[in-house]
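Here is the structure we will look at.
Keep in mind it's a predicted model, so treat the numbers as computed, not measured. Chain A is the first sequence line, chain B the second, and so forth, proteins listed ahead of strands; every chain is numbered from 1. Basis for what follows: all heavy atoms, side chains included, without hydrogens, waters or symmetry-related copies.
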Amino acid sequence: MTTSPRPQRLLGFAGAAGLGLLTLAGCSGAADADTGSSSSSDTSSSSSDTGSSSSSTSSDTSSSSSGYTDGTYTAEGSYLTPGGEETIEVEITLEDGIVTAVTVTPEATDAKAESFQEEFADGIADVVVGVSIDELDVSRVAGSSLTSEGFAEAIETIKSEAAA
Amino acid sequence: MVIVDPLPHAWRFDAIGTPWRIDTAEPLPDELRRAVAQRIERFDRDWSRYRDDSLVSRIARNPGRHRLPADAGPLLALYAELYAATGGRVSPLVGGALAAAGFGPRIAGVPDAPPRFEDALAWDGEHLDTLSPVLLDVGAAGKGYLVELVSELLADAGLARSVVDGSGDLRIRDVPMRIALEHPADATRAIGVAELGNGALSASAGNRRRRPDGWHHVLDAVTGLPARDVVASWAVAADELTADGAATALFFDVDPDWLLRHGVEWVRMRSDGSLERSPDFPGEVFA
């Protein structure tokens, strides 16, 4: 699994749905959780008015304080499903040790899966186009449930690769 | 991207195979986090088909009389209603069919085809009687129920405001929110926005766990096959158990009186891409 810093890009995946943007912070402290689950993290926004979790804190660039190098990273995680192993691609932006953006994209691992997903997408997307979430002012996105395992694996990879 | 969090503190963790997020006005104290973790663990120990030490696995291996935990009451009562309201299409007895399709381990003796409710079990509010191996699956409303239980736990501890998000099941207490309804075929787009300050929203779609051959996990108990007609649904109700159950039921023909009686507002997308909605759905639908 490779990670490389690259400019932020919007990942839209027609077919099996990706995630949209989540924010995560405190990833570095997440490994030992008191809940007994594999990872847990806390975020607190610095200002109480908008509550927005996108980074707004004072330090702009330096990586040395957090132990992670700033940048956008991509890693893959896999998990088993009835149809075989599935891979997801996770893209994360780190700013001063805080994860400020996350995008998750499922990757079809065989041609049949990919074409089915494309058919599904073509069939649906034509009729109801909807509105880009970027254009909406929302507090949350609700779609079907996500699967944790592949995501956690990708996060661990990114953490180890991003360590300064 | 404008996603604004109305409460400043978010606690994220994984549970029952999915990411959870709990938003509160103040950071949650450790004992409350432990209580939440324990509640979830207890639920998982009872209802998980993926654990061979779970109650449902034991029931499947040992037909006979079983005493169920107290929280089983509201869950099974809802299932009985959904079974009636959907003409038998939503049922807790699809565990064997799901396992046979690869969604979880199989248990010897459990048939692949879902049995009829009345043939398979008797439930008196405390005890479950089964005659032969039957594998219960509470996926249709279980996560929503657990989200509701966790939300209640926080409210009982004195938190007036909270958002419990079990990934597609959102229980909100006194937090005005706008929630984008994610397009099942394109995660960068929304088919509508729900506005909710108090109550429950549940989103259900066959997309994320869909296999190449079209199998997904919302099974029609009459056919034993995945629902085909509806591809995504969103239900809003006063509590998450009802919302989650309703979101599943909306994959099928559901008695409109049931929805009315339970104050469910909803949107669903059919497989041809068209949208249907209840007249008073709170928010906008982009159709």
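For the atom pair CZ (Arg140(A)) and CZ (Arg178(B)), the distance works out to 14.5 Å, reported to the nearest 0.5 Å.
Residue Trp20(B): no heavy atom, backbone or side chain, is found under 4.5 Å from chain A. If you measure heavy-atom distances from Val285(B) to chain A, you find no contacts under 4.5 Å at all. Using a 4.5 Å cut-off between heavy atoms, Ile179(B) contacts chain A through both its backbone and its side chain.
Residues forming a side-chain contact (heavy atoms from CB on, under 4.5 Å) with Arg106(B) (at least two apart in sequence, or on another chain): Ala99(B), Ala100(B), Asp112(B). Scored by the side chain to side chain donor-acceptor pair (under 3.5 Å) test, Asp137(B) finds Arg49(B) as partners (sequence neighbours excluded).
Residue Glu276(B) places its CD atom among more than 12 non-hydrogen atoms of other residues, nucleotides or ligands, all under 6.0 Å distant.
Among all heavy-atom pairs drawn from Ser139(A) and Pro6(B), the shortest one is CB-CD, 3.9 Å.
Most heavy-atom pairs under 4.5 Å with chain A, from the set Val175(B), Leu181(B), Asp165(B): that is Asp165(B).
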